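Worksheet: the structure to be examined is printed underneath.
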2 protein chains.
Amino acid sequence: MPCDANVDIVRTVHETNTDDDRPMPLRERKKRRTREALGEAALHLFLDRGFDAVTLDELVDAVEVSKRTFFRYFPSKEAVATAAEHELWDAYLDRITGAPLTGSVLDVLHTCLTTAVRGMDGEWERRFLATRGLIAHTPQLRDHSDLASLRTQDRIADELGGRLGDDTTPDVQVRLLAEVAMAAWRTAARRWVREHRHTAFDLTAPREQQRDSATRADLIDNIDTTYAALGDSIALRI
Amino acid sequence: MPCDANVDIVRTVHETNTDDDRPMPLRERKKRRTREALGEAALHLFLDRGFDAVTLDELVDAVEVSKRTFFRYFPSKEAVATAAEHELWDAYLDRITGAPLTGSVLDVLHTCLTTAVRGMDGEWERRFLATRGLIAHTPQLRDHSDLASLRTQDRIADELGGRLGDDTTPDVQVRLLAEVAMAAWRTAARRWVREHRHTAFDLTAPREQQRDSATRADLIDNIDTTYAALGDSIALRI
DNA sequence: CCCAATGTGCCACTCGGGGGCAAAAACTTC
DNA sequence: GAAGTTTTTGCCCCCGAGTGGCACATTGGG
């Protein structure tokens, strides 16, 4: 019976038009559909039976593509499970490159992050919830997610280092700033997922139920309070 | 001709008695020898031909153990290459559990780290240098190393959380503190390795030459200045 | 000296990931 | 709308990391 479910997944996804894909060429539309189908089927299968219990062969069979094709869309099995997070990091980076660097740089990073979270669409929210649910009980995925945040740090530091006066501000400070900013994210995300440990992270749950349990507003609240706690933490005395 | 070299490595290692292993039972001595032989041969082979170019089969052939045995000593190929780092984290954790928590907690973590670095023996320094050399041009190892620092963070936060007043200090602060402390390490280590990018990281180089190029004193200096820059970084304005 | 415990070797196996090449689909041009 | 060109895909091969089972050897204790 998982077979029927998978076929259902595929059809549903292929009929779903998340955005307008009329103006873009057919090739792009099909690629997008395949990518979304892979991502969606992966979340369903992983949540249903566990990340480790599902082999790539099963996944590609469900979406009816070859394993070779899978690796043209995602670099690893972990990547398809955490695609939503990667999209957030890309959006975050975009905000940073577009933001004017005035005043406290840490505040700028903070604002960019929250606006990036707010800027993602509802479809993203659903997938992100599922991804965090997977991460919560799959060490392998947790590693991958943490690593992605570290690499995002590097990109932030590079971007900042290029824009700030190269000589005036030492590289160490920029690097540390990126580290601290991501530290806040990791702490906030961890706290957020702990608060909602008992939620189902069910992809098929109606939207309202999700809104009642774990929401993006909660996440943003956690980010805000975590950034606010940074100063006190660094100066903690007992 | 790599075969001869490997045999040489094995014999050399097996004859080397790093510490006194007379008092401990024969089984323990043999296990220790095997572990050290694996670690040493791995560093030599990886530095010589590159981490990816060396297969586990080659490594275990060189040390004359089975692949099965290898995995009874190290959980992964990456782990044997970064064994020196893991030892540092264990020593670091030991210092933290033994240190009294008075005054600035960040200062305590800072001191524990530097004394831990100082407390490692000369044999460790040689292996650590080699490990960092490998990490510098092997993304896979860099990931593994960064991940190890993140997991150490978790252990620190758990330890600190257990000892600090559970109710008075919020969990977020402890978590952030551990994050910030490790951020300083990562930044210092990265800077240190960049400064010595042109060093050979040669295991066979005489000790004096190593002291001239990349030394533990340099590393500790970097740690100190990075910790000192923390406050300025977090408050950076432009 | 024998017996129990522990460590080791060998075997075969799974699974993630990548390369080469030929077929097919999609865009282009006439 | 039929040619040719380019991009995308499918299929088959391969490799290497990591695991499990079982028989064997080595060590330590009575």
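Within every chain, numbering begins at 1; the chains are lettered A, B, ... in the order of the sequence lines, protein sequences first and strands thereafter. This is a predicted model, so every value here is computed, not measured. Values reported hereafter were calculated over all heavy atoms of this structure, with side chains retained and with hydrogens, waters and symmetry mates removed.
Taking atom NZ on A/Lys30 and atom C1' on C/dA25, their separation rounds to 7 Å, with Å as the unit. The distance between atom CG of B/Leu59 and atom C1' of D/dA17, rounded to the nearest whole Å, is 13 Å. Computed from coordinates, the B/Asp61 CG to C/dG9 C1' distance equals 13 Å when rounded to whole Å. Summarising the geometry, the separation between CZ on A/Arg29 and C1' on D/dT8 is reported as 16 Å, rounded to the nearest angstrom. D/dT9 atom P lies 15 Å from atom CD of A/Glu64, rounded to whole Å. Atom NZ in B/Lys31 sits roughly 14 Å away from atom C1' in D/dT26 (whole-Å rounding). The nearest whole Å value for the distance from the CZ atom in B/Arg35 to the P atom in C/dT8 is 11 Å.
Between A/Glu125 and A/Met120, the closest side-chain pair of non-hydrogen atoms is not below 4.5 Å.
Every salt bridge (Lys or Arg N to Asp or Glu O under 4.0 Å) that B/Glu85 has, sequence neighbours left out, goes to B/Arg132. The salt bridge (Lys or Arg N to Asp or Glu O under 4.0 Å) check on A/Arg72 picks up nothing, with sequence neighbours excluded.
Put simply, A/Tyr73 has a side-chain N or O that comes within less than 4.0 Å of OP1 or OP2 on D/dT9. Look at B/Thr69 and you'll find a side-chain N or O under 4.0 angstrom from OP1 or OP2 of C/dG9. Between B/Ser66 and the phosphate of C/dT8, there is no side-chain N or O to OP1/OP2 separation shorter than 4.0 Å.
Judged by a 6.0 Å distance limit and a 45° cone about the ring axis, A/Arg155 is not positioned over the six-membered ring of A/Tyr92.
Between A/Trp89 and A/Trp185, the distance separating the two ring centers is shorter than 6.0 angstrom.
In the model, A/Ser149 has no side-chain atom that pairs as donor or acceptor with a side-chain atom of A/Thr152 under 3.5 Å.
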* Can you give one letter per nucleotide of nucleotides 14-24 of chain C, going 5' to 3': B for a protein heavy atom under 4.0 Å from the base, S for sugar-phosphate only, - for none? -> -SBBSBB----
